[in-house]
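Notes for the one structure printed next.
Note that the coordinates shown come from a computational prediction; the quantities given were computed from them, not determined experimentally. Chain A is the first sequence line, chain B the second, and so forth, proteins listed ahead of strands; every chain is numbered from 1.
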Number of protein chains: 2
Amino acid sequence: MQINALDTVFAMVQLKPVIGCGNCPIRHNAVCAECDADELAILERAKSYVTFSAGARLAEAGEPLDHLSSIITGCATMSRTLEDGRRQTVGLLLPSDFIGRPGRANSAYDIEAVSEVTLCRFERRTFEDLVRNTPHIATRLMTMALDELDASRDWAVVLGRMTAREKVVSLLVNLARRAARREGKTAPEKSFTLHLPLSREGLADYLGLTIETTSRQFTALRKDGLFEMLSNRELRIVDFDRLVIEAGEDDDGGVIV
Amino acid sequence: MQINALDTVFAMVQLKPVIGCGNCPIRHNAVCAECDADELAILERAKSYVTFSAGARLAEAGEPLDHLSSIITGCATMSRTLEDGRRQTVGLLLPSDFIGRPGRANSAYDIEAVSEVTLCRFERRTFEDLVRNTPHIATRLMTMALDELDASRDWAVVLGRMTAREKVVSLLVNLARRAARREGKTAPEKSFTLHLPLSREGLADYLGLTIETTSRQFTALRKDGLFEMLSNRELRIVDFDRLVIEAGEDDDGGVIV
DNA sequence: CGCTTTCTTGACTGGATTCAAATATGGTGG
DNA sequence: CCACCATATTTGAATCCAGTCAAGAAAGCG
């Protein structure tokens with residue numbers, strides 16, 4: 001599977017920009033969030049939409065990446081695979097997340113669509129000009145980069161010091177918080193349904209665990225009453241507070257202070 | 001030790017700005033790297049110097065951090081400690097590295113001086129104004145944040161997927177590359193002396209390992225002829241290329257593409 | 001409905017941790 | 001300058017958590 005992914009079809013469907021930035025679902029969270037009407041008009045002219053099917057490679061580590069994009073819908077992973085096949089996912093990309101780095105021509109990681117993904121994208125040069133000439137894009141990009149940096153460091157604590165059980169719970173807590181935020185809530189409810197965007201293998205690659213260990217932890221957590229499994233990808237969290245406690249992080253609730 | 005660190009004296013020695021920005025050792029690498037003479041003049045008026053002795057806490061996770069700083073000399077760690085004492089270091093701060101985040105009043109991590117540290121610092125408000133009004137600072141800060149983000153994600157691969165041996169070697173390779181860059185070289189020589197800024201405990205906290213495992217790996221690597229130990233903190237690397245191979249990362253040489 | 005893929009479970013192994021003790025190091029005062 | 005002490009580091013032995021290998025169960029898809 002890991003090997004065969006190389007043969008993945010680079011399925012791609014070009015789309016005309018059918019929605020205006022004003023109606024864009026990620027309007028208030030993406031790199032354009034701080035833009036005013038005039039700035040949006042400029043983006044409107046420069047942007048294009050593209051859709052990749054699940055499994056497609058959006059970028060490959062070390063290879064040129066000549067568009068910078070925001071995810072509008074769908075989910076992708078950012079990962080690196082070592083020569084012997086060990087893979088570590090370093091980011092889960094969801095709507096409003098940004099792909100690529102201004103000022104760098106090559107991708108540092110593999111980026112793969114794990115579901116159908118639609119991007120709002122700009123040619124590298126065009127976007128770099130936008131960053132230079134549009135202060136609201138530059139500041140927003142900076143904020144997003146710093147947020148990602150904090151998230152990445154927080155995840156390092158999970159990878160470096162947590163047990164398999166704590167790792168799984170930490171990921172569930174993170175996914176729940178991101179889902180809640182996408183729905184405009186401050187925090188998840190006490191009880192709710194959580195959709196897992198990744199397979200067990202995808203989760204394992206994110207957690208620095210094997211599939212088997214990840215699966216065993218799911219079973220254990222279910223037996224311990226932390227959630228019910230409606231399906232392999234759908235959990236019913238019983239008591240979110242208990243989950244947070246199990247995560248073991250001396251966490252402030254994920255709220256940015 | 002971990003507990004007693006709480007009693008650490010917040011030793012601090014105020015210094016007048018004795019060096020001009022033009023002569024500053026981190027002039028071309030720090031957040032001010034892109035500034036022109038006029039901009040430096042503004043920084044010159046706003047900056048102040050402060051020195052902390054080894055062991056001092058420069059910041060505490062969750063607590064206010066009301067200065068933003070650049071490290072001029074010395075070394076500090078950025079870490080988080082879980083309630084039960086497990087600690088993970090998420091960053092090693094060396095000369096020209098930046099401490100703090102514009103737009104956030106509280107530190108996300110503990111920051112501790114591991115040697116005597118001298119900072120060039122600005123009051124939060126002052127610096128935030130500088131970022132807003134000085135494009136060269138904003139762009140440099142962005143570049144630094146993105147570099148740190150890549151470094152943090154690269155480290156996640158090490159924490160999540162590497163063996164104890166590979167972790168130790170990866171850290172040595174990183175330290176060697178940073179040292180070489182500080183000396184203006186592109187890459188380390190084949191053979192050279194490497195100073196370890198951290199104790200075995202400090203290294204272990206960075207690697208997500210115990211002191212014992214870290215120590216055992218040092219012994220094994222020494223026996224395997226990868227380096228000689230001139231002292232506990234001083235290694236003589238025999239063949240850097242071999243070290244890079246042992247690190248196992250499909251690494252491009254750490255050069256930013 | 002049958003096939004493939006994904007997920008779960010079991011048994012065993014092994015690398016890193018834990019607990020414990022010995023040794024080395026570095027700083028300090030005599 | 002050296003002896004001494006506290007601290008840091010190394011080493012040893014036993015344990016345990018997660019990995020590996022293998023097989024069975026469930027889910028998804030044509």
Side-chain angles (χ1 to χ4, degrees), chain A residues 1-5 7-8 53-55 82 84-88 114-115 158-170 195-223 227-235 248, chain B residues 1-5 7-8 53-55 82 84-88 114-116 158-169 195-223 227-235 248:
Chain A
M1 165 51 177
Q2 220 151 292
I3 306 293
N4 294 350
D7 322 282
T8 304
S53 49
L82 304 181
D84 58 7
R86 285 177 288 178
R87 175 157 61 178
Q88 177 65 48
V114 296
S115 68
V158 174
L159 290 177
R161 288 300 186 194
M162 295 212 170
T163 63
R165 183 183 176 98
E166 290 169 327
K167 283 181 174 183
V168 170
V169 175
S170 293
H195 174 76
L196 304 179
L198 300 173
S199 67
R200 293 290 181 271
E201 185 181 30
L203 297 172
D205 284 339
Y206 204 171
L207 295 166
L209 297 173
T210 58
I211 304 178
E212 295 93 327
T213 299
T214 304
S215 177
R216 278 187 245 273
Q217 295 306 325
F218 268 88
T219 305
L221 292 166
R222 176 175 55 70
K223 287 185 177 168
F227 52 70
E228 298 158 40
M229 292 181 52
L230 309 180
S231 78
N232 280 336
R233 297 281 193 116
E234 220 75 31
L235 303 183
Chain B
M1 167 51 179
Q2 220 149 294
I3 307 293
N4 294 349
D7 322 283
T8 303
S53 48
L82 305 181
D84 59 6
R86 284 177 288 177
R87 175 157 60 178
Q88 178 64 49
V114 297
S115 68
E116 185 175 278
V158 174
L159 290 176
R161 289 299 185 194
M162 295 212 170
T163 63
R165 183 183 175 99
E166 290 169 327
K167 283 181 174 183
V168 170
V169 175
H195 175 77
L196 304 177
L198 300 173
S199 67
R200 292 292 181 272
E201 185 180 32
L203 297 171
D205 285 339
Y206 204 170
L207 296 166
L209 297 172
T210 58
I211 303 178
E212 295 94 326
T213 299
T214 305
S215 176
R216 278 187 245 273
Q217 295 306 325
F218 268 88
T219 305
L221 292 167
R222 176 174 55 71
K223 286 184 179 169
F227 52 71
E228 297 159 42
M229 294 182 52
L230 309 181
S231 77
N232 280 336
R233 297 281 192 116
E234 220 76 30
L235 303 184

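Take the nearest nucleotide of DNA chain D for R165(A) and for S199(B): the residue whose nucleotide is more 5' is S199(B).
A pairwise comparison of heavy atoms in R200(B) and N232(B) identifies NH1-O, 3.1 Å as the closest pair. The two residues M162(A) and K167(A) come nearest to each other via the heavy atoms O-CE, 3.6 Å.
Using a 4.0 Å heavy-atom cutoff across all strands shown, S215(A) reaches at least one base atom of the nucleic acid. Nucleic acid contact class of S231(A) (heavy atoms, under 4.0 Å, all strands): none. Residue contacts shown for G202(A) are absent, as no nucleic acid heavy atom lies under 4.0 Å away.
Here the side chain of R161(A) pairs a donor or acceptor atom with the backbone of L209(B) at under 3.5 angstrom. In this structure, the side chain of R87(B) does not engage the main chain of L82(B) through any donor-acceptor pair within 3.5 Å.
For R200(B), whose side chain is taken as the heavy atoms from C-beta onward, the closest listed nucleotide among dT9(D), dA16(C), dT8(C) is dT9(D). Here dT9(C) is the nucleotide among dT9(C), dC7(C), dA18(D) with the atom lying nearest to any side-chain atom of R222(A).
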N/O to N/O distances under 3.5 Å, protein versus nucleotides 20-25 of chain D:
residue, atom, partner, partner atom, Å
dT20(D), O4, R216(A), NH2, 2.7
dC21(D), N4, E212(A), OE2, 3.1

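Fit an axis to the five pairs at each end of the helix from dC1(C)-dG30(D) to dG30(C)-dC1(D) and the two axes sit 50° apart, to the nearest 10 degrees.
dT10(D) atom C1' lies 13 Å from atom CD of Q217(B), rounded to whole Å. Look at CZ on F218(B): it is 15 Å from P on dT25(C), rounded to the nearest Å.
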